Structures are given as structure tokens and as C-alpha cells.
Participant: 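My questions all concern the structure below.
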Amino acid sequence: MSLSPNLHLVDNEKMPTEQRVKNLLSRMTIAEKIGQMSQVQSYAGWLTDELAADIKAGKIGSIINEVDLDTVNAMQYVATKESRLGIPLLIGRDVIHGFKTIFPIPLGQAASWQPDLIRQAAHVSALEAATTGVNWTFAPMIDISRDPRWGRIAESFGEDPYLTSVLGVAMSEGYQTEDLANTGAIAACAKHFVGYGAAESGRDYNTTNIPENELRNVYLKPFKALADHGIATFMTAFNDLNGVPASGNDWLTQTVLREEWQYSGMVVSDWDSIKELSVHGFTANDKEAALAGFNAGINMEMASSTYQDHLLTLLSEGKISLAQIDDMVSGILKLKFDLGLFEQPFTNPEQLPELVNPQHLALAKETAIKSCVLLKNQGQTGSKLSQPLLPLSLDKLNSLAVIGPFADDGYEQLGTWIFDGEEQHSQTCLSAIKQLIADTDTDLTLHVAKGVENSRTTSCDGFEQAVNCAAQSDAVVMVLGEESILSGEAHSRSTIDLPGAQEQLIEAISATGKPIVLVIMAGRQLTLGNIIDKVDAILYAWHPGSMGGPAIVDLLFGTAAPSGKLPVTFPRVLGQIPIYYNQKNTGRPVTDASCIHMNDIEARAPQTSLGMTASHLDTHYTPLFPFGFGLSYSTVEYSNLTILTPSVSLGGTVKACVEITNTGSREMEEVVQLYTRDLVASVTRPVKELKAFKTVKLAAKERQTVVFEINTDELAFYNRQMQLVTEAGDFQLWIAGDSASTNYVEFTLTEN
Ligand code: BGC
């Protein structure tokens, strides 16, 4: 036991937490209470005198960004042994997709559609972070992201509320485990509450305007799922939402989060976002900002110090009450008790697994394998290939060109938000190919060239060498994409094609006539229309993390087979954005027949000669690749889609099944997806909504019947009165390998 002598008198591990919180609160001064509500930054790697004095005086509730173990333990020592009441500190850090062992970016993890894997990856991340004393992370990021210009899409689980909810819960479970007091468990945080992903024009921090119905049916949905699951904390967003910045939005955090959802966890503001309420023009100064943040129910202020500086005055002026402060501080203390910090504030890394150990790396590799999406795998029209190019066969290749800036760049494959990740732990594609050659004792000659220095390089100086490499080889693997710095916070783009001279590089290599596999590492979906016909296969690897190289090489050479499916829609051209599968029908939905290209319109055509439907004149209305799409090395056929419950009463279970057959000659994994459409409702509903999914393993030629059961509550939505309702009526249902399927069955939902 390491309790402060003062606390010992009234506190006891065996008491109910509520009682412990009350006891402690009753002994705190107002200044100490306000201190608990402040999170300050420190990444010095040592404990400065000033900070030690503040901790000792009880002015600090949490530290963000200190990951030096000795420093963190020293801070906890001052907090628990030298401060009046011995209250331990929350130590926060962004552990977004790994600590030292880096997993694929969350968008890549989402492409696995494997909650179990995501749970395990988060758990490993927590174990590694906990070795430095971190006990709180700011993940999962569950912002619905429909705009790939927005750099933070990389951190998200993509465009779908259901997928994001399921994966968000899994990630939170991985961090928190079943008991926050477990060694190596850390508190998770649902962020950014809310609407941040809808930033106008995809520019980070930009204004968001989301009608309440859309907000509830789409953007709030994953947050509700995480609140119900019991995530320890929420973070309020930077953006203003419908005119009210999220970090001063009492309707969001009090009315919706606390009152409607009965969320009892702790809420933290995003970095400086309370102070920035005045920059938004929502408050006039720090004092008003503190009041707005406080009234919104934000327990703890991150980075800025408006609470520390003004809450006391606001209290003395009667603008806030002591009861409110007590309520806010209780949430913070409760978390500290739940984490077991009063019993064990110090970290002994020996109780935790070693960093970057072989098991962690194996999991990172497995996650990267499952995250890659095979977008294309065929011979070019009229070209040399009659067979799918992938998997490559070592037996059939004498030489291979490996081209591109990311083929051997351990840093760039890690992706955004890797504060603690280190290039030295990365294994690249080139090193993995060399390893494969050594392991198999093969005579494969490699010809290696970067082609371009990095993804933004506009010079073609390196082309000649790259073309020579290709010309001398039987096949080419190009590893291109975006550098990590082109996605993530404050790294939005106005175009989302392969930057720099990479498209020209592909053209130059394509002119050699050699078969080309394009591996893309990127933080978002890119527009690939200009190059898709110039390559024979495309493996989309996102930023795959530490073990990206071996994972990709296993896929390229067929040791593993791709099973990833897109968590986002790939547009044909930028102007289609936002394009997402679960859109509304409109009054004039476009069809193939009504979609007219402007090149097909006669000169001086009259206004009404067009299809008069919701399309663009200069591109097809469909995406390049739909949400849910992904190929494998085998082929799968869906047949006999059957609704087992053509009529279901409210509260009942919808049952449907489909047969899936592996028609190819390799074992495969297929993510089977169930979508529904509510045909008529009191508010318009999306043309399709993901409601369930399952990963099914199929041996070569194997056929399986896949059965889904969903409760009719899953069909609920918010109506015009913003009530969650399930309405009787007719529905369509699809079970398919992606969201573009046209084969559906129908069922009717009846009143009881
Ligand atoms: C980001 C958050 C992050 C915080 C702390 C902010 O800039 O928006 O997502 O958790 O910094 O690093």
C-alpha cells in the first residue's frame, strides 16, 4: 500500500468507490479541486522544480506527454507522498495505433473488419505505453470521416457508423481490459465529440454544420456505442458545430451525453480548445471561455489554463457553484480510483512485457496483413497477362524490380501519430524480399530504384534508373503513396491523387510493358483513376506500421492471402467528394440509364435533354471502388440469398442467410456484410446501411451457409422529433461482399 498518511485515515481500498470519492472530496480545498481539473503538458524528460511545486501544491490533476518512466514515477511520488492529500496523477499520451510496436493506422485497421485483432492490438499498445507510467490514452478516434481531404481520416475507422461503433468498442476494450485496475490497462477516450470529421472542405479545424437528425443518426452513433460500453473518458472536439464550438457546447455534453445517455465518465477538452472558444468568437476572453467549458460539463481542461486561472473567481461571483465543481472533480477522482492509482501509483516495467517483443511484432504483422486491400489483380487489357499477376511466384521469376520511395523507408510506413514509434523497429518491403530470397535460397535478382526521392518529388531525374531496373526484370513491384506527414492532424490536402511525379513514374514504368504490382502506402483513400489502367495489380496497404514490409511481402508472394475490405469509398475523381455508400436516395436518383456524360451531349442541346437525375456530367455516378470492397486470391460467389423471416414484428429478430462458395483453388477469408434499407420512413433513410458483418474462412471450393440474425432494434433511427424509433414498414436486405450489390430480399416489419 502506498497511500499518503493523510488519506489513510479515511480511505480504504475496500470501500465502494463512490464513498472513497466523497471522503476525499470532503477533505479538499477549493484550490485543490480546481487543480484536479487541470491537465498540463510536460515532455521535458525530467521533473522541473516549478512543476514539482505545482504538483505538490495540488494544482495539477493530470500530465500529458511525459513518457520518461523515472520522471513519471518522480511525479507520482510528489503527488502521492508530498502533496497534502496524496492524489495520484493521470498520465495521458496519444497511443493511436501503437506505442513502440506500431500497428497499421486506424483506417488500415478498419480495413481488416476484425474487432478481435483490433482489440488485441490496442491491448499490446496499452501494455507498452503502461511501461512508462502512461495510464490514459486519447483513442479511439471515432469521428465519421466521409472526406478524404481531411488528414485525420487516417486516424478514423472510416465512413460507416456501425463499423466505427463495433471497432471503436473493440479498441476501447483492448486498452481498458475488463478492469481498469489491471496491470497494463489504461483508460481510453472517445474523441472528438463531435462532428469533427465533417469539417467544411476537409480542411482541419474547419466549421461543421450538421443537422440534428443527421448528427444523431450518423455522427453521434459511435459515441453512443462507446458511452454504453463504458469507455472511461470522452474528449470534446475543436470544431464549432452548428454555430456552437464543441468545447463549449452544453447541449452536446450536458443534454445529450450526460442527461440522455446517462454517461458518468469523465470529459476532457481537446488541446487548448477551451481557450480557443474566444478565437472562435464564441466567448470574449479566457474567463468567459472557462465558464462556457465548465457549463458544458468538461471535467478537465487540456493544455490551456482557463480553469486554473478563472474558476475560483467565477465561483466567488456566483456564476458557478461548489456543487458543480464537486460533481466535476468526482468524475476525475473516480477514474483515478478505478485505475487503482491510489493503491499503486508507481510503475514497475518489469511487471509488463518487453517492448517490441516478438509476439507484439507478430501481432503487428498479422494486423497489417489483414489491413491490406487488394483492389485489382488482373492482366492489362490486351497486354501480356492472361493470369492474375498476384501472388507472385518465386519459381517463375528470375528477376524483380523494386521501385519507389516507400520500398525501403522504415519511417514512412509507420504513418501519422506515432509519437513513440521508432524507425529502427520497422521492417520494410525491400528487407522482407531480401529475407525471403535468403530463406528460400532462391536465385531471384533484384533491381532496386527509388524513381522519386519522396512522394512529393516533382523531378523526373530518377526515372531513367527506375525504367532500366524495370526493363531488366520479369516483373515490377512499385511501392508508392503518401508520406506520413501528408495525413494526420492539420495535414489536409485539396487534391488526393498520388502526389509529386509518381503518376508520371508509373506511366514511364508501364511503358516498359512489364507486369506491375502497385503497393500504395497512404493515410487516406487516393484517387487512382489516372493510373489504374497502367498497372496490373494494386494492393492498398495504408500506412501499415512496423511490420508493413513482411506483411506485404507475404501477400505479394502468396504466403498469405488478402482479406481486407474498404472502410471508405474510393472516388473516381476529387469532385465526387463527399461520396459514401450510405447516402440518401434523393427525389431523382441516378441510374446507369440516366447518367449522361457531357461528351455525349449534342451541341446546342435543349435544357431538358438530360437525364434530370442526381449525377455529375463529367464522371460516372458510382465510385471507383465501393465501401466494403476487396479481392482475394480466390473468388467467392454469393447465392441463394434468403429471408427466413419475411414478416417480423417490432422487437423480433430478422433472420436471413446466403450461401457463399469459394470458387477458386485457394483457401480464403471473406468479410460477409449485411445491409438493409428502410424503404419508407418518417425521415428519409439511407439507400443502404451496414447492420452486421462476419469473417468467414473458406477452404478451396468450400460452400457455407452464412446466417445472420439482427434484432429489429438495429433498424431504429432518430425521427423528426429526435426520438429513437423503429417504424413498421417494408425493408430490403442484402448479404454481399461489398456495398454495391444489387441482389436483395425483402421483409416487412409489423406492429406488435
Ligand atoms: C488532438 C487530439 C489529441 C490531443 C493531445 C490534439 O491536437 O486533436 O486528438 O489527443 O492533441 O495530443
Side-chain angles (χ1 to χ4, degrees), residues 38-44 60-67 89-99 105-107 122 125-126 129 132 134-145 150-157 164 168 171-172 175 186-199 202-208 219 222-223 226 231-241 245-249 265-277 279-280 293 298-305 415-421 484-485 487-492 523:
S38 305
Q39 181 183 59
V40 305
Q41 53 174 311
S42 157
Y43 24 73
I60 292 173
S62 171
I63 300 283
I64 180 170
N65 284 340
E66 185 54 76
V67 286
L89 296 162
L90 292 172
I91 307 290
R93 181 69 158 177
D94 292 285
V95 186
I96 306 300
H97 54 110
F99 188 69
I105 54 169
L107 189 60
S125 309
T132 65
V134 167
N135 49 39
W136 181 19
T137 193
F138 309 109
M141 192 270 229
I142 49 170
D143 293 311
I144 295 303
S145 305
W150 189 49
R152 299 199 81 166
I153 194 170
E155 277 176 74
S156 80
F157 293 124
T164 299
M171 189 176 262
S172 175
Y175 289 123
I186 64 178
C189 181
K191 73 184 189 186
H192 307 84
F193 196 61
V194 60
Y196 189 27
R203 185 158 55 82
D204 207 2
Y205 314 125
N206 208 0
T207 294
T208 62
Y219 292 85
F223 286 95
L226 268 289
I231 194 164
T233 68
F234 263 56
M235 182 190 289
T236 56
F238 285 128
N239 54 290
D240 66 324
L241 173 69
S247 293
N249 194 324
M266 187 187 129
V267 180
V268 64
S269 58
D270 203 346
W271 191 282
D272 275 356
S273 65
I274 295 188
K275 189 178 175 66
E276 287 170 7
L277 294 175
V279 186
H280 278 283
I298 298 173
N299 306 63
M300 184 178 280
E301 178 175 15
M302 181 186 282
S304 53
S305 61
T416 185
W417 281 112
I418 44 122
F419 285 162
D420 302 286
S484 300
I485 198 67
S487 59
E489 184 175 352
H491 292 89
S492 296

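Owing to the predicted nature of the structure, the values given are computational and were not obtained by experimental measurement. Indexing begins at 1, ligand by ligand and atom by atom, following the structure's order.
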Participant: Can you name the atoms of ligand 1, numbered from 1 with element, that are less than 4.0 Å from a heavy atom of His192?
Facilitator: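 Near His192, meaning under 4.0 Å from one of its heavy atoms, ligand 1 has 2 (C), 8 (O), 9 (O).
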Participant: With a cut-off of 4.0 Å, which atoms of ligand 1 are near a heavy atom of Ile64?
Facilitator: 5 (C)
Participant: Rounded to the nearest 0.5 Å, what's the gap from CZ on Phe157 to CD1 on Ile144? Could you check?
Facilitator: 10.5 Å
Participant: Can you name the atoms of ligand 1, numbered from 1 with element, that are less than 4.0 Å from a heavy atom of Lys191?
Facilitator: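 Once the distances to Lys191 are compared, the set is 2 (C), 3 (C), 9 (O), 10 (O).
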Participant: Check Arg152 against ligand 1 and report side chain, backbone, both or neither, counting heavy atoms closer than 4.0 Å.
Facilitator: side chain
Participant: In terms of residue, atom name and distance, what is the protein heavy atom nearest to atom 6 (C) of ligand 1?
Facilitator: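 Its nearest protein heavy-atom neighbour is Asp270 OD1, 2.9 Å.
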Participant: Considering all heavy atoms of both residues, which atom of Ser273 and which atom of Phe238 are nearest to each other, and what is their separation?
Facilitator: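 Where Ser273 meets Phe238 most closely, the heavy atoms are CB-CD2, 3.8 Å.
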Participant: If we set the cut-off at 4.0 Å for heavy atoms, which region of Glu489 has an atom near ligand 1: side chain, backbone, both, or neither?
Facilitator: side chain
Participant: Only heavy atoms of Met302, strictly under 4.0 Å: list the atoms of ligand 1 that pass.
Facilitator: 4 (C), 5 (C)
Participant: Relative to ligand 1, is Asn65 under 4.0 angstrom through side chain, backbone, both or neither, heavy atoms considered?
Facilitator: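 It is neither part, as no heavy atom is under 4.0 Å.
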Participant: Using a strict 4.0 Å cut-off to heavy atoms of Asp94, name the atoms of ligand 1 that fall inside it.
Facilitator: 3 (C), 4 (C), 5 (C), 10 (O), 12 (O)
Participant: When you look at Tyr196 and Asp204, which way does the side-chain hydrogen bond (donor to acceptor under 3.5 Å, both in side chains) test go after all the steps?
Facilitator: CA-CA 8 Å; Tyr196 189 27; Asp204 207 2; 2.8 Å; yes
Participant: Counting N and O atoms only, with roles assigned by atom type, does the side chain of Asn135 sit under 3.5 Å from a partner on the main chain of Leu90, one being a donor and the other an acceptor?
Facilitator: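 No; judged by distance alone, with no hydrogens or angles, the pair does not exist.
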Participant: Among the heavy atoms of Glu155, does any lie under 4.0 Å from an atom of ligand 1?
Facilitator: no
Participant: Step by step, work out the side-chain hydrogen bond (donor to acceptor under 3.5 Å, both in side chains) result for Ser62 and Trp136.
Facilitator: CA-CA 10 Å; Ser62 171; Trp136 181 19; over 6 Å; no
Participant: What closest approach, in Å, do Phe99 and Ser125 show between heavy atoms, and which atom pair accounts for it?
Facilitator: CB-O, 3.9 Å
